[in-house]
A.B. asks: 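Below are the structure tokens for one structure; questions will follow.
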Amino acid sequence: MRGWEQVVSVADGGVSLAAVHPDGTVSVLGIDHENSLAGTAWDGEEVSAPRKVPGVVDAVSVAAVGASFLVTHSDGTVTGWGDPLIADGGVRHKDVDGLGPTRLGDVTDVVTIADGALNVLALRGDGGVTGWGINLTDSLGEPNGTRVREIEDVPGSVSVANPGDAAIVATGAGEVCAWGNNANGLLGLEPRGGQTTTPVRVGNLQGITEVAGGLDFALALDSEGRVWAWGRTVSGVLGDGSTDDTSITTARQVVGIPPLERIFAADSASYGIDPDGGLWAWGGNRRTGPFETQGRLPQLVPLPGPAREVSGNVVLLGPPN
């Protein structure tokens with residue numbers, strides 16, 4: 001894409017996109033919805049060429065949470081714009097105070113932020129998780145409310161996922177922990193239902209290095225490149241073509257894929273990147289030919305270069321091999 005030849009991180013906000021460039025600046029394009037274009041366009045205006053976000057420097061990554069974008073800076077601070085509840089650290093506004101990006105003063109030491117919908121889960125350098133936003137399912141822990149808080153009792157984490165009703169982390173010990181709502185079995189507990197603010201271990205998963213979360217399901221990648229899935233299975237998350245509308249609490253290995261190095265999930269779709277940069281996709285999706293998967297079975301997606309990162313239905317490519 002012209003203007004985005006050099007990108008190190010990308011976020012898909014549905015109707016708008018944001019990208020971080022090697023020099024630490026950020027640009028946006030798409031349809032301006034709830035200030036998702038950071039004041040570079042009028043509400044509802046469609047922008048087809050990237051526009052630089054004013055005042056944002058030293059960015060290393062960007063995440064999409066609902067109608068907001070959140071940029072993580074090299075010093076661990078975060079800047080947001082879009083829906084003010086998310087962009088301003090859970091502060092409820094009757095009116096948007098301004099269109100410019102806002103540096104969140106209570107958020108520090110952030111390494112990465114998981115894409116999400118209603119709330120924010122930010123992984124810190126000390127292995128803890130900071131959160132803010134809507135907390136109806138206890139995925140932000142205690143206390144109740146929308147403001148920024150450190151989520152208590154989270155074990156030292158290396159990866160975080162935000163599948164909606166629950167929070168999922170991979171720990172430094174290779175285990176998976178979750179908290180929030182268990183209606184779809186995301187906490188790995190039987191019987192399904194109920195919710196908790198306290199992290200619980202999910203099954204006996206071991207050697208896990210990364211987690212990802214889609215719509216009511218979760219994925220975990222282990223050190224051997226195997227992918228495990230649990231939660232609601234209607235999307236075809238197991239990779240076997242099954243779309244039964246049920247939920248499983250015991251993680252099952254995803255079939256039909258080679259060993260992978262990275263995993264991602266968005267809505268009802270699952271993705272993985274193999275050691276050669278090949279992008280594998282399975283489950284439900286909004287992709288169009290030749291990028292759609294047939295029968296929701298795993299498929300190697302043809303791309304003009306190696307895949308590096310996936311956000312929503314957007315893939316960040318590296319230079320051709």
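In this chain, residues are counted from 1 in sequence order.
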A.B. asks: Is the side chain of W230 donor-acceptor paired with the backbone N or O of L186 at a distance under 3.5 Å, no angle test?
C.D. replies: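 Confirmed, W230 side chain pairs with L186 backbone.
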
A.B. asks: Just by distance, do the side chain of D274 and the backbone of D276 share a donor-acceptor pair under 3.5 Å?
C.D. replies: yes

A.B. asks: Can you give me the closest heavy-atom contact between G164 and S139, atom names plus distance?
C.D. replies: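 Reported closest heavy-atom pair: O-OG, 4.2 Å.
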
A.B. asks: How about D126: does its CG atom have over 12 heavy atoms from other parts shown lying under 6.0 Å from it?
C.D. replies: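 Check passes, neighbour count above 12.
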
A.B. asks: Would you check if the side chain of T137 reaches a backbone N or O of N135 as a donor-acceptor pair within less than 3.5 Å?
C.D. replies: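 Judged by distance alone, no pair lies under 3.5 Å.
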
A.B. asks: Would you mind reporting whether V315 and Y271 have side-chain heavy atoms less than 4.5 Å apart?
C.D. replies: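 No; the side chains remain at least 4.5 Å from each other.
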
A.B. asks: W81 side chain to T102 main-chain N or O, any donor-acceptor pair under 3.5 Å?
C.D. replies: no

A.B. asks: Output yes when a side-chain donor or acceptor of E190 lies under 3.5 Å from a complementary backbone atom of T250, and no otherwise.
C.D. replies: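 The answer is no, because no donor-acceptor pair under 3.5 Å joins these two groups.
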
A.B. asks: Nearest 0.5 Å, what's the CH2-CD1 distance between W179 and I151?
C.D. replies: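 Spacing of CH2 (W179) from CD1 (I151) equals 5.0 Å.
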
A.B. asks: Report whether V8 and F69 are members of the same hydrophobic cluster (ILVMFWY, side-chain heavy atoms less than 4.5 Å apart, transitive linking).
C.D. replies: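 Yes, one cluster joins them.
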
A.B. asks: Heavy atoms only: give me the nearest A265-A212 pair and the separation to one decimal.
C.D. replies: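 Shortest heavy-atom separation between A265 and A212 comes out as N-CB, 3.9 Å.
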
A.B. asks: Distance check, rounded to the nearest 0.5 Å: S159 atom OG versus I263 atom CD1?
C.D. replies: 7.0 Å

A.B. asks: Answer with yes or no whether the side chains of N162 and N119 bring together a donor and an acceptor at under 3.5 Å.
C.D. replies: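 Looking only at side-chain atoms, N162 and N119 do form a donor-acceptor pair, the distance falling under 3.5 Å.
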
A.B. asks: When you measure from the side chain of T233 to the backbone N and O of T246, does any donor-acceptor pair fall under 3.5 Å?
C.D. replies: yes

A.B. asks: Going only through I, L, V, M, F, W and Y residues with side-chain contacts under 4.5 Å, is there a path from V110 to V154?
C.D. replies: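 As far as the 4.5 Å side-chain criterion goes, V154 and V110 are not connected within one cluster.
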
A.B. asks: Roughly how far, to the nearest 0.5 Å, is CH2 of W228 from CD of Q206?
C.D. replies: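 These two atoms lie 10.0 Å from each other.
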
A.B. asks: If you group Ile, Leu, Val, Met, Phe, Trp and Tyr by side-chain heavy-atom gaps below 4.5 Å, do I168 and L219 land in one group?
C.D. replies: yes

A.B. asks: Say whether V202 and V169 are linked into one hydrophobic cluster, either directly or through other cluster members, by side-chain heavy-atom distances under 4.5 angstrom.
C.D. replies: no

A.B. asks: Determine whether the side chains of T249 and R192 contain a donor N or O and an acceptor N or O closer than 3.5 Å.
C.D. replies: no

A.B. asks: For G145, does its backbone N or O pair with a side-chain atom of R149 as donor and acceptor, under 3.5 Å?
C.D. replies: yes

A.B. asks: Residues in side chain to side chain donor-acceptor pair (under 3.5 Å) with R308, at least two apart?
C.D. replies: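 Expected list: none.
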
A.B. asks: Is it true that a side-chain atom of D109 and a backbone atom of R124 form a donor plus acceptor pair closer than 3.5 Å?
C.D. replies: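 Looks like no, no N/O pair under 3.5 Å.
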
A.B. asks: Say you draw a straight line from CG of D165 to CG of D138; how long is it, rounded to the nearest 0.5 Å?
C.D. replies: 11.0 Å

A.B. asks: What is the distance from atom CG of L85 to atom CD1 of I134, rounded to the nearest 0.5 Å?
C.D. replies: 5.0 Å

A.B. asks: Do L238 and V234 share a hydrophobic cluster (ILVMFWY, side-chain heavy atoms under 4.5 Å, transitive)?
C.D. replies: no

A.B. asks: Using the rule given for side chain to side chain contact (heavy atoms under 4.5 Å, CB included), can you reason through W280 versus V227, listing the C-alpha separation, both sets of side-chain angles and the distance that settles it, and then say yes or no?
C.D. replies: CA-CA 12 Å; W280 293 81; V227 180; over 6 Å; no

A.B. asks: Are any of the side-chain heavy atoms of D75 and D58 separated by less than 4.5 Å?
C.D. replies: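 Answer no - side chains too far apart.
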
A.B. asks: By salt bridge (charged side-chain N to carboxylate O under 4.0 Å, His left out), which residues pair with D245, not counting sequence neighbours?
C.D. replies: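 Partners of D245 by the salt bridge (charged side-chain N to carboxylate O under 4.0 Å, His left out) criterion, ordered by chain and then number, come out as R232.
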
A.B. asks: Which atom pairs, one a donor and one an acceptor, fall under 3.5 Å between side chains of residues 15-30 and the rest of the protein, sequence neighbours left out?
C.D. replies:
from: S16; atom 1: OG; to: S36; atom 2: OG; distance (Å): 3.0
from: H21; atom 1: ND1; to: Q6; atom 2: O; distance (Å): 2.7
from: H21; atom 1: NE2; to: S27; atom 2: OG; distance (Å): 2.7
from: D23; atom 1: OD1; to: T25; atom 2: N; distance (Å): 3.0
from: D23; atom 1: OD1; to: T25; atom 2: OG1; distance (Å): 2.7
from: S27; atom 1: OG; to: W4; atom 2: NE1; distance (Å): 2.5

A.B. asks: When you compare the side chain of I273 with that of F264, does any pair of heavy atoms fall below 4.5 Å?
C.D. replies: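 SC-SC contact between F264 and I273 confirmed.
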
A.B. asks: Any chance the side chains of T198 and D153 put a donor and an acceptor closer than 3.5 Å?
C.D. replies: no

A.B. asks: Look only at the side chain of S9 and the backbone of V62, and say whether a donor-acceptor pair between them is shorter than 3.5 Å.
C.D. replies: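 Flag set: sc S9 to bb V62 pair under 3.5 Å.
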
A.B. asks: Counting C-beta onward and ignoring hydrogens, is there a side-chain heavy-atom pair between L37 and R51 closer than 4.5 Å?
C.D. replies: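 No, every pair of side-chain atoms sits at 4.5 Å or beyond.
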
A.B. asks: Can you tell me how far CZ of R226 sits from CD1 of I208, rounded to the nearest 0.5 angstrom?
C.D. replies: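 Spacing of CD1 (I208) from CZ (R226) equals 8.5 Å.
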
A.B. asks: Would you say N184's side chain and G231's backbone share a donor-acceptor pair under 3.5 angstrom?
C.D. replies: no

